[in-house]
Amino acid sequence: MRYTQLGRTGLKVGRLVLGTMNFGSETDEATAYGVMDTALDAGVNFFDTANIYGDDGHKGLTEEVLGGWFAQGGGRRDKVVLATKLYGNMTNDGTPWSEQSWPNHDHLSALNIRREVEASLRRLRTDHIDVYQFHHIDRATPWDEIWQAIDVLVAQGKILYAGSSNFAGWHIAQANEAARRRSSLGLVSEQCFYNLAQRTAEMDVIPAAQAYGLGVIPWSPLNQGLLGGALRKEREGGGSRTSVGRSAAGLADPAVRARVQAYEDLCAEHALEPGEVALAWLLTRPGVTAPIVGPRTPAHLASALRALDLDLTPDLLTALDTIFPGPGPSPEAFAW
């Protein structure tokens, strides 16, 4: 495993992040334990989760799975850089995460930050969270209130760093300028939707993250399975029901289908697996610390680990840009 600094911090993390969203819902506990053991044995030390992961009737289930794995001992917790997130409503009454239930059980108020960090610590069976992330921007809560709550948690030793997820570039600037006024560290990482087929983040999110010293942690590196050999799996009838459903929805667009076919043909020319190429491409991108991979099985993890050893040639990178062109730098991408 190769390691790098997380943004401007002294924290060293591997070039792949283990995403755990499937644990407890699509992946049973025993299989999840096996995936985490395999990841740790391979040197993957950055695990990402969220308080909301599980299902509508059991929010927090994924954190509980991680907590059970940590409780087995063997230095598991000490070896892992643990990241979790808060924002969505955590009322466990079957209410979908996107629908409001009790009014103070979501978003980034000081009250909810205090409540949710304590709840995550209990579920994760740990005394601290290494990277505590805002899952979404809160347009109603002022940054001074958010940073006051975070500074208290840092002083208490319950969290070490704060990160963001799904922020626009100007949100990153706003957050870190507010932190600077308080002499706080501010955001150190940004989880954004970024992959070979979805490159909007290159216009302002990634430049803002680089300017403020945030490590970029892309989620959905395979674009919901479309870059993981979706057409081949469609022909073969492979893949999970969820991943096939998401891929099929994307492939219904003829233009998307044509680009994915060209991509799979290019990978086949080079005798490479599409999913591994998509991960390796992200590792070449400026500002990217590590993509988040969400394996459901040890075999999925093994494929992701192979991407670390891929050396994409300049010609191949150029061909990938031809199939999936980026927006170009801003402001030139939308101005002159």
Side-chain angles (χ1 to χ4, degrees), residues 1-4 13-22 26-27 34-36 38-48 191-199 201 216-236 238-240 242-244 246-247 250-251 256-257 259-324 326:
M1 176 60 61
R2 291 171 292 166
Y3 297 92
T4 188
V13 295
R15 297 297 318 270
L16 285 180
V17 179
L18 181 67
T20 63
M21 187 173 67
N22 293 314
E26 288 196 42
T27 302
V35 170
M36 288 188 280
T38 301
L40 202 59
D41 288 344
V44 177
N45 75 330
F46 197 0
F47 288 19
D48 176 72
Q191 269 192 40
C192 59
F193 181 39
Y194 181 40
N195 56 63
L196 181 57
Q198 298 288 342
R199 297 175 60 172
V216 175
I217 310 167
W219 61 266
S220 195
L222 304 188
N223 197 25
Q224 298 187 318
L226 282 175
L227 299 174
L231 286 170
R232 184 182 66 195
K233 290 175 183 177
E234 181 184 71
R235 291 191 298 271
E236 297 171 354
S240 74
T242 301
S243 64
V244 168
R246 289 171 178 166
S247 297
L251 292 173
V256 171
R257 193 177 188 89
R259 284 192 293 272
V260 171
Q261 185 64 68
Y263 173 64
E264 292 190 16
D265 290 345
L266 178 65
C267 292
E269 277 180 43
H270 293 265
L272 297 172
E273 284 295 318
E276 294 169 21
V277 170
L279 288 173
W281 178 84
L282 277 170
L283 292 170
T284 70
R285 304 308 300 165
V288 169
T289 299
I292 301 172
V293 296
R296 293 185 303 278
T297 68
H300 294 157
L301 177 61
S303 175
L305 290 168
R306 287 194 293 272
L308 294 171
D309 296 322
L310 283 189
D311 185 14
L312 305 184
T313 65
D315 286 347
L316 179 54
L317 289 170
T318 299
L320 291 172
D321 274 336
T322 300
I323 297 171
F324 298 112

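As the structure is a computational prediction, the values presented were derived from the model and not from experiment.
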Criterion side-chain contact (heavy atoms from CB on, under 4.5 Å) on Val277 and Leu320, from CA distance to verdict:
CA-CA 10 Å; Val277 170; Leu320 291 172; 4.0 Å; yes

Do Arg306 and Leu310 have side chains that get closer than 4.5 Å, going by heavy atoms?
no

Roughly how far, to the nearest 0.5 Å, is the OG1 atom of Thr322 from the CG atom of Leu317?
11.0 Å

Kindly indicate whether the side chain of Ile292, heavy atoms from C-beta on, has any atom under 4.5 Å from the side chain of Phe46.
no

Would a 4.5 Å heavy-atom cut-off, applied to side chains only, mark Glu273 and Arg232 as touching?
yes

Minimum heavy-atom separation for Val35 to Pro295, with atom names?
CG1-CG, 3.9 Å

For the residue pair Arg15 and Tyr3, establish whether any side-chain heavy-atom pair is separated by less than 4.5 Å.
no

What's the separation between atom CG in Leu305 and atom OG1 in Thr38, rounded to the nearest 0.5 Å?
9.0 Å

Just so I know, are the side chains of Trp219 and Val17 near enough to count as touching, which here means a heavy-atom distance under 4.5 Å?
no

For residues Val216 and Cys192, report the shortest heavy-atom separation together with the two atoms involved.
CG1-SG, 3.7 Å

Given Asp309 and Arg2, is the salt bridge (Lys or Arg N to Asp or Glu O under 4.0 Å) satisfied, shown in steps?
CA-CA 10 Å; Asp309 296 322; Arg2 291 171 292 166; 6.0 Å; no

Gly14 backbone acceptor or donor facing Asn45 side chain under 3.5 Å:
yes

Decide if the gap between the ring center of Tyr194 and the ring center of Trp281 is smaller than 6.0 angstrom.
yes

Excluding sequence neighbours, so at least two apart, what forms side chain to side chain contact (heavy atoms under 4.5 Å, CB included) with Arg259?
Ala255, Val256, Ile323, Phe324

Please answer whether the main-chain N or O of Gly228 pairs with a side-chain N or O of Glu264 as donor and acceptor at a distance below 3.5 Å.
no

Would you give the length of the straight line joining atom CG of Asp311 to atom CG of Leu283, rounded to the nearest 0.5 angstrom?
11.5 Å

So do Leu227 and Pro274 actually touch side chain to side chain, heavy atoms under 4.5 Å?
no

As an exercise, state the distance from CG of Asn223 to CG of Asn195, rounded to the nearest 0.5 Å.
4.0 Å

Can you check whether Asp48's main-chain N or O pairs, donor with acceptor, with Thr20's side chain at less than 3.5 Å?
yes

Nearest 0.5 Å, what's the CG-CZ distance between Leu231 and Arg235?
6.0 Å

Met21 CE to Thr27 OG1 distance, which is reported to the nearest 0.5 Å
10.0 Å

Before giving the answer on side-chain contact (heavy atoms from CB on, under 4.5 Å), spell out for Arg285 and Arg199 the whole-Å C-alpha distance, their side-chain angles and the decisive distance to 0.1 Å.
CA-CA 11 Å; Arg285 304 308 300 165; Arg199 297 175 60 172; 3.6 Å; yes

N/O donor-acceptor pair under 3.5 Å between Tyr263 side chain and Ala197 backbone:
no

Test of understanding: with side chain to side chain contact (heavy atoms under 4.5 Å, CB included), list the residues that count as partners of Ala39, not counting sequence neighbours.
Leu18, Val44, Phe47, Leu301

Between Val288 and Pro218, is there a side-chain heavy-atom distance shorter than 4.5 Å?
yes

Can you find a side-chain donor-acceptor pair between Ser303 and Glu276 that sits under 3.5 Å?
yes

So that I can tick it off, tell me whether Arg257 and Glu234 are bridged by a salt bridge, with the cut-off set at under 4.0 angstrom between side-chain N and carboxylate O.
yes

Do Leu226 and Leu251 touch side chain to side chain, with heavy atoms closer than 4.5 Å?
yes

Do Met36 and Leu40 pass the side-chain contact (heavy atoms from CB on, under 4.5 Å) test, and can you show the C-alpha distance, the side-chain angles, and the key distance before you say yes or no?
CA-CA 6 Å; Met36 288 188 280; Leu40 202 59; over 6 Å; no

